[in-house]
Amino acid sequence: MDFDLENPLPFSHDEDTISPLFNIETHHMPSKTYLQILINSDFLINIRESTISIILQISQPFDSPSLSYLAINYLDRFLSFHSLPDAKPWILKLIAVSCVSLAFKMKKTEYSVTDIQQDGGTIFDIETIKRMELLILGGLKWRMRSITAFAFINFFVSLFKFKDLPLQQALKDRATEIIFTAQNEIKILQFKPSIISASALLSASHELFPLQFSCYKTAILNCSYVHEDDLLSCYDVMQEIAKKEYESILEMVSSTSTPVNVLDVQMSWSSDNEPIEEDSSVNAFSSNSRGRQDNLTKRRKIITTIIDDNT
């Protein structure tokens, strides 16, 4: 069976068997001390950031966010259980190449060693990569079918009882983008995948459907698997990430747009960190990815159209 982040296990597509995912999700997380070690070690943070950068560079030609997401998941779990004596560039590249290679194998996607080493620099042979893969697999305890936030997103969306499928898809798409973006933030590493998923959906609903936000929040809190303190703490981290995105937008627009457009962006984030409706041309700057720009614009058009039709 091909691996899917939303359906990591053969039975995870069945609503009646969602509970096993909640029960085993902690087995697919970094160690409990990983975040604190990162906070206390600039050396390890630099290793993580540098290796993630290489993973993203390697994965870029394949246009598969799920590939890099899975590879980074392997990286964090490996680093949390295996200390590195130094951070030589060739070692970090070998780890990155091996994590991407394992992700390719898990997704059953055809690739060659040369495909993932086209950026120049040190070129590793197949045997060297295989040895590093075995070392990484040991750190993962051979659990390659990672339980991530994506495994819970459909379950939590179902709690919202959407009647309009396009609106439901818009919420899911935005939550997916938030999860991808949040992976690089070390604060997110302390939370279980299910909490990350629920928090991303809350953050997305706060942006897209602010009037329904309290209802969605209540629906998630009524889930027996969700602890309120964890959810709210993770949601706060998501809001910090969102604020950084808006600040990044402001910087980009300030350097390229008119004073009026800059003012529009400044007004899109209120003093209490609550985003309000903004022009779709401003949303276009909320990602470095051109694809994300198009998706945001399309979703806002869909939402506007549906709301207009129902009024």
Minimum side-chain heavy-atom gap N154-E6 below 4.5 Å:
yes

Do side-chain atoms of S53 reach the backbone of E49 as a donor and acceptor pair under 3.5 angstrom?
no

Is L79 close to I37 at the side-chain level, that is, under 4.5 Å between some pair of heavy atoms?
no

Would you say the rings of F150 and Y69 are close, in the sense that their centroids are separated by under 6.0 Å?
yes

More than 12 heavy atoms of other residues, nucleotides or ligands under 6.0 Å from CG of N222: yes or no?
yes

Determine whether L221 and Y235 fall in the same hydrophobic cluster, where Ile, Leu, Val, Met, Phe, Trp and Tyr are linked whenever their side-chain heavy atoms lie under 4.5 Å apart.
yes

Is the distance between the ring centroids of F160 and F213 under 6.0 Å?
no

Sub-3.5 Å donor-acceptor pair from the side chain of T218 to the main-chain atoms of S214, do we have one?
yes

Might you work through the side chain to side chain contact (heavy atoms under 4.5 Å, CB included) test for L159 and Y216, ending with a clear yes or no?
CA-CA 8 Å; L159 302 179; Y216 297 155; over 6 Å; no

Going only through I, L, V, M, F, W and Y residues with side-chain contacts under 4.5 Å, is there a path from V226 to L232?
no

Expected list for residues 189-202: side-chain donor-acceptor pairs under 3.5 angstrom, two or more places apart:
| from | atom 1 | to | atom 2 | distance (Å) |
| --- | --- | --- | --- | --- |
| Q190 | NE2 | K187 | O | 2.9 |
| S194 | OG | E25 | OE1 | 3.1 |
| S194 | OG | E25 | OE2 | 2.8 |
| S197 | OG | A149 | O | 3.1 |
| S197 | OG | I153 | N | 3.3 |
| S199 | OG | I195 | O | 2.8 |
| S199 | OG | L231 | O | 3.4 |

For S68 and P65, indicate whether the former's side chain and the latter's backbone hold a donor-acceptor pair under 3.5 Å.
yes

To the nearest 0.5 Å, how far apart are CZ in F43 and OG in S83?
9.0 Å

Can you find a pair of side-chain heavy atoms, one from F124 and one from M132, that are under 4.5 Å apart?
no

Just by modelled atom types, is the F155 backbone N or O under 3.5 Å from a matching donor or acceptor in the S158 side chain?
yes

Taking Y74 for the side chain and M144 for the main chain, is one N or O donor matched with an acceptor at less than 3.5 Å?
yes

Do S31 and R77 come within less than 4.5 Å of each other through their side chains, counting heavy atoms only?
no

Decide yes or no on side chain to side chain contact (heavy atoms under 4.5 Å, CB included) for I186 and R48, but give the supporting numbers first.
CA-CA 10 Å; I186 64 170; R48 181 179 188 267; 3.6 Å; yes

Applying salt bridge (Lys or Arg N to Asp or Glu O under 4.0 Å), name anything that partners E185, two or more places apart in sequence or on another chain.
K244

All side-chain hydrogen bond (donor to acceptor under 3.5 Å, both in side chains) counterparts of D63, not counting sequence neighbours
none

If hydrophobic clusters are built from ILVMFWY residues whose side chains come within less than 4.5 Å, do V100 and I123 share one?
no

Mutual orientation of the aromatic rings belonging to F22 and F156 [parallel < 30°, tilted 30-60°, perpendicular > 60°]:
perpendicular

Worked check of salt bridge (charged side-chain N to carboxylate O under 4.0 Å, His left out) between R174 and E177:
CA-CA 5 Å; R174 177 56 183 144; E177 292 172 351; 3.2 Å; yes

I would like to know whether K32 and S80 meet side chain to side chain contact (heavy atoms under 4.5 Å, CB included); could you show each step before the answer?
CA-CA 9 Å; K32 293 181 179 180; S80 73; over 6 Å; no

Identify the two heavy atoms, one from I147 and one from P8, that lie closest to each other, and give their separation to 0.1 Å.
CD1-CG, 3.7 Å

Inter-residue atom distance N73.CG - L102.CG, 0.5 Å rounding:
11.5 Å

So if you build clusters from Ile, Leu, Val, Met, Phe, Trp, Tyr with side-chain heavy-atom gaps below 4.5 Å, do V157 and L211 land together?
no

Can you list everything that forms a side-chain hydrogen bond (donor to acceptor under 3.5 Å, both in side chains) with S101? Sequence neighbours excluded, please.
Y111, E133

Output the distance between atom CG (D164) and atom CD (Q168), rounded to the nearest 0.5 Å.
9.5 Å

Salt bridge or not for E228 and K217, using N-O below 4.0 Å?
no

Which is it for F62 and D115 under the side chain to side chain contact (heavy atoms under 4.5 Å, CB included) test, yes or no, and what are the steps along the way?
CA-CA 9 Å; F62 303 99; D115 289 338; 3.9 Å; yes

So for atom CD, which belongs to E240, do other residues, nucleotides or ligands contribute more than 12 heavy atoms lying within a distance under 6.0 Å?
yes

Just so I know, are the side chains of I188 and M238 near enough to count as touching, which here means a heavy-atom distance under 4.5 Å?
yes

Under 4.5 Å between any side-chain heavy atoms of Y34 and L44, yes or no?
yes

Point-to-point distance, once rounded to the nearest 0.5 Å, from CD1 of I179 to OG1 of T148:
7.5 Å

Group every Ile, Leu, Val, Met, Phe, Trp and Tyr by side-chain heavy-atom contacts under 4.5 Å, then state whether L165 and L167 land in the same group.
no

Residues D173 and T176: side-chain donor-acceptor under 3.5 angstrom
no

For D230, which residues count as a salt bridge (Lys or Arg N to Asp or Glu O under 4.0 Å) partner, sequence neighbours excluded?
none

Verify the distance criterion only: is there a donor paired with an acceptor across the side chains of S98 and R131 at less than 3.5 Å?
no

Kindly check if the number of other-residue, nucleotide or ligand heavy atoms within 6.0 Å of NZ (K105) is above 12?
yes

Below 4.5 Å, heavy atoms only, C-beta onward: do L70 and M106 meet side chain to side chain?
yes

Quick check for you: to the nearest 0.5 Å, what is the distance between I95 atom CD1 and I54 atom CD1?
9.0 Å

Please report the interatomic distance CG(L137) to CZ(R143), rounded to the nearest 0.5 Å.
12.5 Å

Does some side-chain heavy atom of I129 sit less than 4.5 Å from a side-chain heavy atom of V97?
yes

Can you list the residues that meet the side-chain hydrogen bond (donor to acceptor under 3.5 Å, both in side chains) rule with D236, with sequence neighbours excluded?
none

